[in-house]
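Below: the structure, in structure tokens.
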Protein chains: 2
Amino acid sequence: MGITKTEIFTDEQNRLAIQLKAIAHPARIAILQELIKANACVCGDLVGELGLAQATISQHLKELKNAGLIQGTIEGVNVCYCIEPTAWKNLQDELNGLFSSYQCGNQNCC
Amino acid sequence: MGITKTEIFTDEQNRLAIQLKAIAHPARIAILQELIKANACVCGDLVGELGLAQATISQHLKELKNAGLIQGTIEGVNVCYCIEPTAWKNLQDELNGLFSSYQCGNQNCC
DNA sequence: ATATTCAATCGCAATATTGCGATTGAATAA
DNA sequence: TTATTCAATCGCAATATTGCGATTGAATAT
């Protein structure tokens, strides 16, 4: 490859990139929306709602969890997933910062 | 691979995923921040600011442009890049919708 | 004409990702 | 015990991505 040169970027830029990468897949967006709607889900619920195989959903859940965006707690036989409130809020704030830092100097942008 | 099953997701989910994917790289976050700060940049400016090769910057600019997040206008010898205001606003709104749709039912999330 | 100076594209090697079937593991049910 | 039912992991084939050197192309200098 060309390994991404993380060392030349700030921690914030690297963290933000990792979390956005985790969200940047339609299946994971759908999973997050379903988790928000239902408040909490086990893997099987999501397999039922979306049209993907159990192994695939499980992989996506793992990636979202690795990025810290969701949490999973064992609930009897199942693992119950839900949004990780702190990370969610942090990401929301950081994105808000990025997006609102742009004030269109309208007509003469270029 | 397993080709992403775009057909089972909504257009909004697919569009959002594509645009987030474009942002989900520290170099591209840095490029966007620099474009916002400077209002507009040519490729060479960014090569100077970030520590990446010209070819690499050019690739990243292309991806951001493909995603519709930036626009490039020819300015004499150079191409001048800046944020595409409409897409930027749209993405901001969609992200805001996604993030604010979550109201933490706090303690008993899982 | 030749050199310079940009941005864009090509080509490539080194991974990373995606989706899924198959397997494993853990917990309960019969 | 044996069967069932979950989630997680492994392994794999088919791409996709990343970074960069090298090349190309276009525009201006000398």
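These values consider heavy atoms only, across backbone and side chains, with no hydrogens, waters or symmetry-generated copies. By convention in this document, chain letters (A, B, ...) are assigned in the order of the sequence lines, proteins followed by strands, and residues within each chain are numbered from 1.
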Calculate the interatomic distance between [X] atom [atom1] and [N] atom [atom2]; express it in whole Å.
X: B:Leu46; N: C:dA7; atom1: CG; atom2: P; result: 9 Å
X: B:Leu64; N: D:dT17; atom1: CG; atom2: C1'; result: 14 Å
X: A:Lys62; N: D:dA8; atom1: NZ; atom2: C1'; result: 8 Å
X: B:Gln54; N: D:dT23; atom1: CD; atom2: C1'; result: 12 Å
X: B:Ile18; N: D:dT17; atom1: CD1; atom2: C1'; result: 15 Å
X: A:Ile74; N: D:dT5; atom1: CD1; atom2: C1'; result: 16 Å
X: A:Asn66; N: C:dA16; atom1: CG; atom2: P; result: 14 Å
X: B:Glu75; N: D:dT28; atom1: CD; atom2: C1'; result: 16 Å

Partner of B:Trp88 by side chain to side chain contact (heavy atoms under 4.5 Å, CB included), out of B:Ile70, B:Ile36, B:Asp93: B:Ile36
5'-most by nearest nucleotide on DNA chain D - A:Val47 or B:Gly2: A:Val47
5′-ward residue of the pair A:Lys5/A:Gly44 relative to DNA chain D: A:Gly44
OP1, OP2 of [N] versus side-chain N and O of [X]: anything below 4.0 Å?
X: B:Arg28; N: D:dG19; value: no
X: B:His60; N: D:dT17; value: no
X: B:His25; N: D:dG19; value: yes
X: B:Thr56; N: D:dC20; value: yes

Joint cluster assignment, B:Tyr81 & B:Val77, ILVMFWY side-chain distance < 4.5 Å: no
same_hphob_cluster(B:Leu20, B:Phe99) at 4.5 Å side-chain heavy-atom cutoff: yes
Would you indicate what [X] reaches in the nucleic acid, counting non-hydrogen atoms under 4.0 angstrom: base, sugar-phosphate, or nothing?
X: A:Ile57; value: nothing
X: A:Ser58; value: base
X: A:Ala53; value: sugar-phosphate
X: A:Leu52; value: sugar-phosphate

Along DNA chain C (nearest heavy atom to each residue), the more 5'-positioned of A:Glu63 and B:Cys43: B:Cys43
Interatomic distance, A:Lys89 atom NZ to A:Glu84 atom CD [nearest 0.5 angstrom]: 13.0 Å
Distance, nearest 0.5 Å, that separates CG of A:Leu91 from CG of B:Leu95: 8.5 Å
Complement of C:dA22, any strand, by Watson-Crick or G-U distances under 3.5 angstrom: D:dT9
Nearest listed nucleotide, side chain of A:Val77, among D:dT28, C:dT18, C:dT28: C:dT28
B:Ala55 side-chain proximity, nearest of C:dA7, C:dG21, D:dA22: D:dA22
Check: D:dA8 base within 3.5 Å donor-acceptor of A:Gln59 side chain: no
Test side chain to side chain donor-acceptor pair (under 3.5 Å) applied to B:Gln33 and A:Gln13, step by step: CA-CA 10 Å; B:Gln33 289 173 328; A:Gln13 288 169 333; 2.6 Å; yes
